[in-house]
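Everything numeric in this text was worked out from a predicted model, so none of it was measured.
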Amino acid sequence: MEYFDDDSMIRRVHREKVVFLYGRRALLMQAAHPLAFAGLMAHTGSMDEPYERLARTARVIQAVVFGPREDADRLTRRVRAMHRRVRGVLPEPAGRFPAGTPYAADDPKLLLWVLATLADSGRVVYERYVAALDRSELDDYWRDYRQVGRLFGLRPSQMPDSLDDYVDRMLAGPDLEVTDVARELAVRIVLHPPVPFAVRPVLELANFVTVGLLPTRLRREYGLRWDPARTLALAGGAEYARRLVVPLLPARLRYAS
């Protein structure tokens, strides 16, 4: 038995290898919440290994989406146990949160933000590079992610009916603020990691896509440069990929196994 079948929207989205680009955007969105960022720092000790963390998250998501229930249950049970150990207080003010504000990785509000960044980022990359989703498909996609949220410890009543409405409220509200520490570490580590010279062009392309797909507010708070010319270049490249590259890829290159 599996939680999702081949007709589920979450499988349709996450089977596309190009959607793997979603992780870097999601991580930057998560770090924009001061309490989520504090939990991340407490869990990893630093952000010096963000890609290992992304890889672990990706493995759990892939297991939930594509694997048998036993594997999904085992891995998410392990994640919930780790979350219970991650708690503390902010050492200094961050945005609207004063010093001493408690945080916990299993706080439903923080879990929801992390879940929503994953869902929203996957959707954004899919729509840019594969195909647009209509309202019914978007609703089905978020309904699938709500099942993922339940496996991570969220109750149905703690998750909104609409992904778009929730993300819009968060982006317009007071909870998000990119702190100086988050800006320095996230930009340096996520966008400028030490890589071999030969793969730098690939990294620059991934950075271009990541920055371009960030919500405008967060891109501005991270201090990342963007302009209309870059917007046009991103849109043109995405249109080319969506129409002429992705549809013609052989299955072994296009889809995750």
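Between Asp164 and Arg135 there is a salt bridge, with a side-chain nitrogen of the basic residue lying less than 4.0 Å from a carboxylate oxygen of the acidic one. A salt bridge between Arg217 and Glu221 is present, with a side-chain N of the basic residue lying under 4.0 Å from a carboxylate O of the acidic one.
Note: Asp6 CG to Arg15 CZ = 8.0 Å, rounded to the nearest 0.5 Å.
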Check against side chain to side chain donor-acceptor pair (under 3.5 Å), Thr210 and Arg25: CA-CA 6 Å; Thr210 299; Arg25 178 184 187 268; over 6 Å; no
Evaluation steps, side chain to side chain donor-acceptor pair (under 3.5 Å), between Tyr126 and Arg12: CA-CA 10 Å; Tyr126 182 89; Arg12 178 173 154 188; 3.2 Å; yes
Derivation of the side chain to side chain donor-acceptor pair (under 3.5 Å) call for Thr231 and Trp226: CA-CA 8 Å; Thr231 299; Trp226 199 253; 2.9 Å; yes
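Both Leu234 and Val18 belong to a common hydrophobic cluster when Ile, Leu, Val, Met, Phe, Trp and Tyr are linked at side-chain heavy-atom distances under 4.5 angstrom.
A donor-acceptor pair shorter than 3.5 Å can be found between the side chains of Asp73 and Tyr3. For the residue pair Arg150 / Gln147, a side-chain donor-acceptor distance below 3.5 Å is found, with atom types taken as modelled.
A cation-pi arrangement is not found for Arg11 relative to Phe4, the charged atom failing to lie both closer than 6.0 Å to the ring centre and inside a 45° cone about the ring normal. For the pair Arg183 and Tyr222, the cation-pi criterion (under 6.0 Å, within 45° of the ring axis) is not fulfilled.
When each of Leu118, Val13, Leu138, Val19 is checked for a side chain to side chain contact (heavy atoms under 4.5 Å, CB included) with Arg123, only Leu138 meets the rule.
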